[in-house]
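Here's the structure we're looking at; comments come further down.
Only heavy atoms go into these numbers, but all of them, side chains included; no hydrogens, no water, no symmetry mates. In each ligand, atom 1 is the first atom listed, and ligand 1 is the first ligand listed. Quick note: residue numbers are just sequence positions, from 1.
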Amino acid sequence: HAGLKSQDTSNPNSRTIEILQKMLDYYIRINDQWRIMAYRKAIATLKRQDVRITTEEEAVALAGIGPSLAAKIEEIATTDKLQRLDQTTDDPSDSLLQLFLGVYGVGTRTAQQWIGKGWRTLEDLLAHAKLNQNQLIGIEYYKDLNTRIPREEMTQLGKIVTKAAKRIDSEVEVIIGGSYRRGAKDSGDVDFIITKKGTAKSTELQSFLNRLVRKLEADGFLTAKLASGGFHRNSDGSLWHGCCVLPSSLGGVGTWRRIDFLLVPESEIGGALIYFTGDDIFNRSLRLLARKKGMRLNQRGLFVRGTEGERANEGDLVEGRSERKIFEVLGVKWRPPEERWC
Ligand code: DCP
Ligand code: MG
Ligand code: MN
């Protein structure tokens with residue numbers, strides 16, 4: 001999901017950025033952490049330039065661009081392409097990797113193992129691979145779950161959930177976070193943040209979520225529940241992952257969509273809004289800044305950092321309730337969600 005700025009063709013380095021972004025996507029697929037970091041830094045640096053960078057010398061003089069990336073930048077500027085990228089495009093195992101990574105619930109390691117076994121199609125996987133429940137759904141609804149959700153449909157899905165939620169508890173608030181809150185024209189999934197005035201723990205919203213899910217399942221809106229795992233970690237039941245469909249009465253054609261519910265007490269809504277609005281790179285830079293200032297930012301709020309070895313949120317809470325206040329305490333100018341693309 002390229003950010004607004006990289007799509008901005010008014011940036012004099014937009015073509016270079018576009019090609020480096022494709023290399024970055026490749027390194028993300030093969031999980032090459034070192035190159036992922038180098039490419040992210042270089043792209044961020046190029047986005048900040050207001051003149052076109054055409055030579056190795058110009059590039060290497062910029063902070064965060066090393067000699068090997070500088071040479072690639074010159075190659076792109078002079079030939080309008082990058083041979084290293086063409087190699088990956090021609091590499092059949094990379095297109096297989098892309099195919100298998102498109103299965104919901106599959107990471108680089110699993111995809112590479114499957115390729116190593118000689119499997120080349122989704123049919124091969126169904127016939128031979130040991131698949132978990134998520135992966136089975138990921139294959140059955142492969143096309144649907146890899147189709148972006150137009151903003152208009154996101155809004156409609158939001159209305160359905162909000163209406164059902166308000167009927168169960170009129171004091172509950174429903175906010176769509178993620179790329180939608182950043183103003184994206186389409187999204188990969190719908191991220192619902194569910195909160196209520198006066199709550200101090202997400203468990204206070206648990207029975208509400210159970211009722212909401214039961215109702216939306218009965219309506220045929222929720223079509224599957226997915227096991228959680230991965231980056232969100234959900235030990236306390238505050239997160240629900242699944243799939244939904246827009247009803248045909250609202251123009252839906254039965255396409256399955258990924259949907260997430262996150263329960264957030266009022267006391268933590270600021271931290272949660274920042275976390276679930278993203279983007280992930282923006283979050284990382286805010287967390288880094290917090291750390292530099294002796295604090296810790298996570299999805300529950302901003303904390304004073306405890307002594308070494310302490311687990312997250314064991315320090316004292318500085319601010320959790322207000323998104324704006326967290327920016328303020330960190331000493332950064334307020335950035336509205338639409339400007340949080342990195
Ligand atoms: N998030 C994060 N770090 C991650 C994954 C997610 O900080 N590794 C946060 C920032 C994301 C938010 O959670 O914006 C929601 O995650 P999504 O994967 O749903 O990402 P987006 O909503 O931003 O994009 P998409 O349109 O692809 O869903
Ligand atoms: Mg999302
Ligand atoms: Mn999500």
Next on the checklist: Looking at Arg151 and Asp186, is any side-chain nitrogen of the basic one under 4.0 Å from a carboxylate oxygen of the acidic one?
Outcome noted: no
Next on the checklist: Tell me which N, O or S atom from Asp191 is the closest to the Mg ion (ligand 2).
Outcome noted: OD2
Next on the checklist: Can you tell whether the side chains of Glu338 and Lys185 come within less than 4.0 Å, N to carboxylate O?
Outcome noted: no
Checklist entry - With no hydrogens and no angle check, is any side-chain donor or acceptor of Tyr142 less than 3.5 Å from a backbone partner on Leu99? => result yes
Next on the checklist: Between ligand 1 and Arg182, can you find any atom pair, the residue atom being a heavy atom, that is separated by under 4.0 Å?
Outcome noted: yes
Item to check | Side chain, backbone, both or neither: the part of Tyr275 lying under 4.0 Å from ligand 1 by heavy atom | outcome: both
Item to check | Under-4.0 Å salt bridge between Arg257 and Asp144 | outcome: no
Checklist entry - Hey, mind stepping through Asp279 and Arg340 against salt bridge (charged side-chain N to carboxylate O under 4.0 Å, His left out) and telling me if it holds? => result CA-CA 6 Å; Asp279 63 13; Arg340 298 186 201 164; over 6 Å; no
Checklist entry - What atom name does the N, O or S atom of Asp260 nearest to the Mn ion (ligand 3) carry? => result OD2
Checklist entry - Salt bridge between Arg15 and Asp80, side-chain N to carboxylate O under 4.0 Å? => result yes
Checklist entry - Can you list the atoms of ligand 1 that are under 4.0 Å from a heavy atom of Asn283? => result 2 (C), 7 (O), 9 (C), 10 (C)
Checklist outcome for this item: For the Mn ion (ligand 3), the nearest N/O/S atom on Asp191 is atom OD1
Checklist entry - How does Arg284 reach ligand 1, if at all, at less than 4.0 Å between non-hydrogen atoms: by side chain, backbone, both, or neither? => result neither
Checklist entry - Looking at Arg148, which atoms of ligand 1 are within less than 4.0 Å of one of its heavy atoms? => result 26 (O), 27 (O)
Item to check | Shortest-distance N/O/S atom, Asp189 versus the Mg ion (ligand 2) | outcome: OD1
Item to check | Electrostatic pair Asp260-Arg258, nearest N-O below 4.0 angstrom | outcome: yes
Checklist entry - Between Asp191 and ligand 1, is there a nitrogen or oxygen pair with a distance under 3.5 Å? => result yes
Checklist entry - For ligand 1, which atoms sit closer than 4.0 Å to a heavy atom of Ser187? => result 26 (O)
Checklist entry - Taking just the N, O or S atoms of Asp189, which one is nearest to the Mn ion (ligand 3)? => result OD2
Next on the checklist: Less than 4.0 angstrom from a charged side-chain N to a carboxylate O is my criterion; do Arg29 and Asp25 meet it?
Outcome noted: no
Next on the checklist: Assess whether a salt bridge exists between Lys196 and Glu266, defined as any Lys/Arg side-chain N lying under 4.0 Å from an Asp/Glu carboxylate O.
Outcome noted: no
Checklist entry - Judged by atom type as modelled, is there a donor-acceptor pair below 3.5 Å linking the side chain of Ser248 to the main-chain atoms of Gly251? => result no
Checklist entry - Hey, are Tyr141 and Thr223 close enough side-chain-wise for a donor-acceptor pair under 3.5 Å? => result no
Checklist outcome for this item: Closest heavy-atom approach to atom 4 (C) of ligand 1 among Asp280, Asp189, Leu262 is made by Asp280
Item to check | Gly178 neighbourhood, listing ligand 1 atoms whose heavy-atom distance to it stays under 4.0 Å | outcome: 22 (O)
Checklist entry - Which bit of Thr277 is near ligand 1, meaning a heavy atom under 4.0 Å away: side chain, backbone, both or neither? => result backbone
Checklist entry - Would you say Gly188 has any N or O atom under 3.5 Å from an N or O of ligand 1, going by distance alone? => result yes
Next on the checklist: Geometry only, no angles: is Asp279 polar-contacting ligand 1 at N/O separations under 3.5 Å?
Outcome noted: no
Checklist entry - Within less than 2.8 Å of the Mg ion (ligand 2), any N, O or S from Asp260? => result no
